[in-house]
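The structure under discussion appears below in the form of structure tokens.
Letters A, B, ... mirror the listed sequences (proteins, then strands); counts begin at 1.
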Protein chains: 2
Amino acid sequence: MTLLESPRAFMPLHPQGNALASQSAQRSLPTLFAAGAEIYAQGETCNCLYRVEFGAVRIYRLLADGRRQISAFHLAGETFGFEAGDTHHFFAEAIVATGIRVLRTAPGAADLLPMALKSLVRAQEHLLVLGRQNALERVSAFLADMAERQGGLRQVELPMSRNDIADYLGLTIETVSRIFTRLKQEGVIRLPSLRRVEIVKLQVLHDLLA
Amino acid sequence: MTLLESPRAFMPLHPQGNALASQSAQRSLPTLFAAGAEIYAQGETCNCLYRVEFGAVRIYRLLADGRRQISAFHLAGETFGFEAGDTHHFFAEAIVATGIRVLRTAPGAADLLPMALKSLVRAQEHLLVLGRQNALERVSAFLADMAERQGGLRQVELPMSRNDIADYLGLTIETVSRIFTRLKQEGVIRLPSLRRVEIVKLQVLHDLLA
DNA sequence: CGGGAGATTGAGCCCCGTCAAAAACAGTGG
DNA sequence: CCACTGTTTTTGACGGGGCTCAATCTCCCG
């Protein structure tokens with residue numbers, strides 16, 4: 001039911017485009033992707049990792065009927081693109097204008113494993129949210145997580161749309177919207193703008209995480 | 001709502017017991033755990049990996065109110081215990097009488113990363129099931145997965161209880177039971193015994209995975 | 001100011017959870 | 001082999017949380 005927002009992903013702004021593998025220098029300028037641009041697709045061969053310099057990325061899979069599950073968001077400073085085998089099992093798209101640095105993967109690098117394990121723990125914790133928490137708890141967990149990843153400030157930027165949030169939390173956009181409204185009415189959050197949340201009662205959010 | 005099946009996990013049968021870290025030889029006999037015995041607990045320090053020689057293991061987390069999410073089952077031949085940091089974030093328990101071989105982890109070992117990545121892909125694919133599939137699709141995905149991991153035979157052993165299956169699929173035992181009954185009535189599966197499933201129409205299961 | 005995508009709100013319904021009872025199963029001991 | 005007991009599974013009735021469908025509103029950006 002949930003469709004991609006862009007019928008066709010935009011082309012990357014940077015001339016190198018999708019031919020990321022052709023980049024050679026590790027310290028080159030980051031490649032710039034426009035909002036909605038595809039970074040890699042399911043089925044593509046993969047031999048690189050990607051580091052977000054600025055912006056945000058969504059990792060997702062699709063079912064045949066268009067249902068989408070976003071398995072992770074990646075913000076500035078985070079590394080993604082881990083795969084078992086030599087092809088990508090997921091799609092990666094820039095959510096907003098995003099700078100990506102390609103890391104040519106030395107397969108034996110010692111620091112790869114810790115990053116992969118961090119992704120694993122993240123995914124496993126998200127399983128708990130999707131499997132056993134209701135809509136209110138899911139949105140609370142999401143907001144608390146976003147706040148923590150942005151340094152624990154009260155003001156949180158949400159680069160992604162309600163649609164993205166819904167597909168990440170296994171809900172519909174309507175339900176996400178209703179929960180936002182409810183949290184606002186109860187004074188837990190404020191919504192200065194659509195993509196900005198101010199967390200007023202952080203403790204309430206954490207209490208909801210049981 | 002979902003409680004642990006054993007009010008208190010049994011003690012391991014093998015004298016080494018939980019002091020797994022004291023084992024030295026890589027090629028030692030596997031440690032035997034009785035059904036329900038704890039292999040490690042959330043919060044324990046970890047420096048080993050574990051390989052299932054025979055039997056089956058569940059990996060799970062608990063919410064404060066007792067809700068449980070099983071993030072993975074591990075069958076004979078599979079390796080588990082990957083963690084970011086030095087403490088376990090999950091519980092691991094033997095489901096039935098299970099032999100476990102402890103692998104002392106050489107942190108730089110080249111073959112660790114592929115196994116960790118396999119766990120990561122498994123977790124991410126399970127996110128799709130929990131986030132975007134209904135009860136019928138979840139049970140079908142589970143049965144197809146179990147069949148594939150047991151060599152693709154028609155006869156599938158289910159070492160885990162309905163309770164475990166429910167907590168893995170984010171459902172209740174009642175719903176799991178109803179779906180089993182429904183698949184049976186539609187001739188997709190047969191249930192020779194409680195813990196044994198014969199898959200009659202494998203294609204139907206796969207069609208349900210969209 | 002108008003147009004369009006995204007977000008919010010409302011009404012109704014359905015899948016699945018909850019609660020309860022019956023049935024099947026697994027031990028245990030006689 | 002069977003009676004007895006506790007656990008697991010199945011089945012039923014019912015209610016509610018979240019989905020569906022549809023209308024309205026808000027925010028951008030020309």
Rounded distance (Å) that lies between atom [atom2] of [N] and atom [atom1] of [X]:
{"X": "B:D167", "N": "D:dT8", "atom1": "CG", "atom2": "P", "result": "13 Å"}
{"X": "B:Q133", "N": "C:dC16", "atom1": "CD", "atom2": "C1'", "result": "16 Å"}
{"X": "B:D164", "N": "D:dT7", "atom1": "CG", "atom2": "C1'", "result": "14 Å"}
{"X": "A:I173", "N": "C:dT9", "atom1": "CD1", "atom2": "C1'", "result": "12 Å"}
{"X": "A:R162", "N": "D:dC27", "atom1": "CZ", "atom2": "C1'", "result": "12 Å"}
{"X": "A:I95", "N": "C:dG6", "atom1": "CD1", "atom2": "P", "result": "14 Å"}
{"X": "B:L171", "N": "D:dT10", "atom1": "CG", "atom2": "P", "result": "14 Å"}
{"X": "B:N163", "N": "C:dT18", "atom1": "CG", "atom2": "P", "result": "13 Å"}

Is it true that the NZ or CZ of A:R58 lies under 6.0 Å from the centre of A:F73's six-membered ring and within 45 degrees of the ring axis?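 Judged by the rule (NZ or CZ under 6.0 Å from the ring centre, within 45° of its axis), A:R58 is not positioned above A:F73.
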
Axial cation check for B:F180 ring with B:R162, 6.0 Å and 45° limits: yes

Would the distance check show the side chain of B:R138 and the main-chain N or O of B:L130 forming a donor-acceptor pair, the cut-off being under 3.5 Å?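 Side chain of B:R138 to backbone of B:L130: a pair is present.
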
A:R101 side chain vs A:L29 backbone, donor-acceptor pair below 3.5 Å: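 Here the side-chain-to-backbone pair does not exist.
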
Can you give me the bend angle of the helix from C:dC1-D:dG30 to C:dG30-D:dC1? Use the axis through the first five pairs and the one through the last five, nearest 10 degrees. 40°

D:dC19 OP1/OP2 closer than 4.0 Å to side-chain N/O of A:T175: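 The answer is yes; a side-chain N or O of A:T175 sits under 4.0 Å from OP1 or OP2.
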
State whether B:S177 places a side-chain N or O below 4.0 Å from either non-bridging phosphate oxygen (OP1 or OP2) of D:dT10. yes

Just to verify, what does B:N134 make a side chain to side chain contact (heavy atoms under 4.5 Å, CB included) with, not counting sequence neighbours?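 So B:N134 forms a side chain to side chain contact (heavy atoms under 4.5 Å, CB included) with B:L136, B:E137.
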
Test side chain to side chain contact (heavy atoms under 4.5 Å, CB included) on B:F142 and B:I179; report intermediate values, then the result. CA-CA 12 Å; B:F142 170 72; B:I179 300 289; over 6 Å; no

Please tabulate, one pair per line, each protein N/O and nucleotide N/O from nucleotides 21-24 of chain D that are separated by under 3.5 Å, including the distance.
from: D:dC21; atom 1: N4; to: A:E174; atom 2: OE2; distance (Å): 3.1

So the side-chain hydrogen bond (donor to acceptor under 3.5 Å, both in side chains) pairs with at least one residue in residues 149-159 of chain A (sequence neighbours excluded) are A:E78-A:R149, A:D145-A:R149, A:Q155-A:R196, A:Q155-A:E198, A:E157-A:R196

For A:E83, enumerate each residue passing the side chain to side chain donor-acceptor pair (under 3.5 Å) test, keeping only those at least two apart in sequence or located in another chain.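 By the side chain to side chain donor-acceptor pair (under 3.5 Å) rule, A:E83 matches A:H88.
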
Over 60° means perpendicular and under 30° means parallel, so classify the ring planes of B:Y50 and B:Y40, tilted if in between.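 Because their plane-to-plane angle lies in the 30° to 60° range, the rings of B:Y40 and B:Y50 count as tilted.
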
Near DNA chain D, counting only heavy atoms under 4.0 Å, which residues of residues 180-196 of chain A show up?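 Of all residues in residues 180-196 of chain A, none places a heavy atom under 4.0 Å from DNA chain D.
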
Would you say that B:I189 contacts B:V200 through its side chain, given a criterion of any heavy-atom pair below 4.5 Å between the two side chains?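 No, too far: nothing below the 4.5 Å cut-off.
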
Under 3.5 Å side-chain donor-acceptor pair for B:Y168 and B:Q69: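 No - no donor-acceptor pair under 3.5 Å links their side chains.
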
Of the nucleotides C:dC16, D:dT10, D:dT20, which one has an atom closest to the side chain of A:T172?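 When the side chain of A:T172 is considered, D:dT20 is the closest of C:dC16, D:dT10, D:dT20.
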
